[in-house]
Amino acid sequence: MLEFSEEQRLIQREVRRICDDFDDEYWRKHDRNAEYPMDFVQALGEHGWLGTVIPEEYNGAGLDPLEAAIILEEISASGAGFNGSMACHGAMFIPRSVLNYGSEEMKEKLLPKLATGEKLLQCFALTEPNAGFDSTSITTTAERDGDTYVINGQKTWCSRFHASDYMVLVARTTPKEEVAKKTQGMSLFLIDIEDAKEQGAVDATEIEKNIRAAVPSYEIWFEDLEVPAENLIGEEGNGFYQVMDGLNEERVVIAAEAVGLARVAIDRGVQYGIEREVFDRQIGSNQAIQHPLADAYARMTAARNITYQAARAFKEGRDVGEAANIAAYMAREAASEAADAAVQTHGGYGVAVEYDVERFYREARLTRIAPISDEMILNYIGEHVLDLPRSY
Ligand SMILES: Cc1cc2nc3c(=O)[nH]c(=O)nc-3n(C[C@H](O)[C@H](O)[C@H](O)COP(=O)(O)OP(=O)(O)OC[C@H]3O[C@@H](n4cnc5c(N)ncnc54)[C@H](O)[C@@H]3O)c2cc1C
């Protein structure tokens, strides 16, 4: 069984203590009203958790994705679900491109503010309506003009745009038709959102959705946005590889969130199975109710083990691609089965908002679509682990 160190258990308890101030009704209300949980995010910031992966030399906690996974699993498992964990998870992996590739000047200016939560970098703009998962087909452009780049194009599904001071944007600096490999010619930029608004060069519309509604996602249009050349992150033309570099970390922490969702769904199912009596017996004494919960628990435990195995490999600098993708795949399956079992256990109340399991059920469905779909993960495993021919 998975064991955490004393320090990691302390992190777990500290985060749970913060979460205890935000009860089920808080999350129901924010989900119903599609209202961003800013006070929750601020509470995490005040306790330093938004700076989890920022190195100590920039006043951050200097921890690893493993600890970020522990924090996000605990938030999700507290009953907040993805409305809680995804309200803040960007702060724990989006700064990675700056950490790995940003200039020293950029790091010194930005990271101490992110470490304290004074400023937020938790918006990442890659997806475009006409490209979807085919990221190399993006058409947003960044053209060099003296000391600036001028950005034009459209992005979609950019989460937390309104609750972010900065955004990492992926744009083409060379058209796809003009590069030897389609993965070349893309670049990363740090965008100061306030500055973009002041220029009148950015326009955003929220996409109405009914899963994880408290964490909004936006369509964003850029028209002649001028960005200082020093905001280029890393090397011009290398952006695709720099993004890929951070993806495994994202897979691992989101897998941990899905494990947290599975945990809370199982807990609620078990609780109801014990309390509810029909035909003069506890419904949890019926195997038809008990087995799906036990099955979900076994799957959740296996998913949790592989998730932290991947997180440890990351910490130790080992190759993590296979474990991170399998973790993401298994965790989403565990979350889906757990939420389904919890809804079934609750019978009619499974769809009643006040029992929360319908919220977990909707959120579990999201894990199979975004940030990466089941199909794209299986494509990865087929091609990179099993050495099958590339299918697309
Ligand atoms: C709630 C939410 C938040 C998001 N947040 C962000 C964000 O902050 N920033 C950001 O950049 N993006 C974000 N995304 C986008 C997300 O990461 C996906 O990239 C995006 O949803 C995929 O694009 P699409 O919907 O156009 O799918 P498409 O590319 O059109 O795919 C549609 C379906 O076809 C399948 N498919 C496509 N090609 C293949 C193939 N070769 N083999 C097998 N199956 C295939 C896919 O798996 C999928 O099921 C978010 C999405 C959602 C839903």
Taking side chain to side chain contact (heavy atoms under 4.5 Å, CB included) as the definition, give me every residue that meets it alongside D319, ordered by chain and number, with sequence neighbours left out. none
Side chain to side chain contact (heavy atoms under 4.5 Å, CB included) filter on D356, not counting sequence neighbours, yields D24, R28, R268, R359, F360
Pairs where residues 184-235 contributes a residue and the test ring-ring contact (aromatic ring centres under 6.0 Å, His included) is met, not counting sequence neighbours: Y149-F189, F161-Y218, H162-Y218
Could you see if I75 belongs to whatever hydrophobic cluster contains L261? Use Ile, Leu, Val, Met, Phe, Trp, Tyr and a side-chain cutoff under 4.5 Å. yes
Return each pair, listed once, that meets side chain to side chain donor-acceptor pair (under 3.5 Å) where at least one residue sits in residues 75-92; pairs must be two or more places apart or across chains. D31-N83, N83-E363, S85-E257, H89-R160, H89-E257
Which residue pairs pass the ring-ring contact (aromatic ring centres under 6.0 Å, His included) test when at least one of the two sits in residues 311-346, sequence neighbours left out? Y272-H346, H346-Y355
Test side chain to side chain donor-acceptor pair (under 3.5 Å) applied to D64 - qualifying residues, sequence neighbours left out: K315
Check the side chains of D245 and Y101 for a donor-acceptor pair under 3.5 angstrom, ignoring hydrogens and angles. yes
Would you say that I138 contacts V170 through its side chain, given a criterion of any heavy-atom pair below 4.5 Å between the two side chains? yes
Angle between ring planes, W27 versus F40, binned at 30° and 60°: parallel, tilted or perpendicular? perpendicular
In one Ile/Leu/Val/Met/Phe/Trp/Tyr side-chain cluster, 4.5 Å: I151, F240: no
Neighbour count above 12 (heavy atom, 6.0 Å) for E143 CD: no
Clusters formed by hydrophobic residues whose side-chain heavy atoms approach within less than 4.5 Å: which one holds V252, and what are its other members? none
Hey, are the side chains of I233 and S103 touching, using non-hydrogen atoms and a 4.5 Å cut-off? no
Under the rule for ring pair (Phe, Tyr, Trp, His ring centres under 6.0 Å), what residues qualify as partners of F4, not counting sequence neighbours? Y308
The remaining residues in the hydrophobic cluster of L10, counting side-chain heavy-atom contacts under 4.5 Å among Ile, Leu, Val, Met, Phe, Trp and Tyr, are none
Measuring only between side-chain heavy atoms, which start at C-beta, is I372 closer than 4.5 Å to R332? yes
For K209, side chain to side chain contact (heavy atoms under 4.5 Å, CB included) partners two or more places apart: W157, R212, S217
Could you check whether Q154 and E128, counting side-chain N and O atoms only, form a donor-acceptor pair closer than 3.5 Å? no
Is K107 reaching over with its side chain to a backbone N or O of L99, donor-acceptor style, under 3.5 angstrom? yes
For E108, give me all partners under side chain to side chain contact (heavy atoms under 4.5 Å, CB included), at least two apart in sequence or on another chain. Y58, E104
Among pairs that include at least one residue of residues 39-53, which meet side chain to side chain donor-acceptor pair (under 3.5 Å), considering only residues two or more places apart or in two chains? Y26-D39
If hydrophobic clusters are built from ILVMFWY residues whose side chains come within less than 4.5 Å, do I94 and V243 share one? yes
Can you confirm whether the side chains of T127 and K155 place a donor and an acceptor under 3.5 Å from each other? no
Quick one: closest heavy-atom pair of P65 and V253, and the distance? O-CG1, 3.8 Å
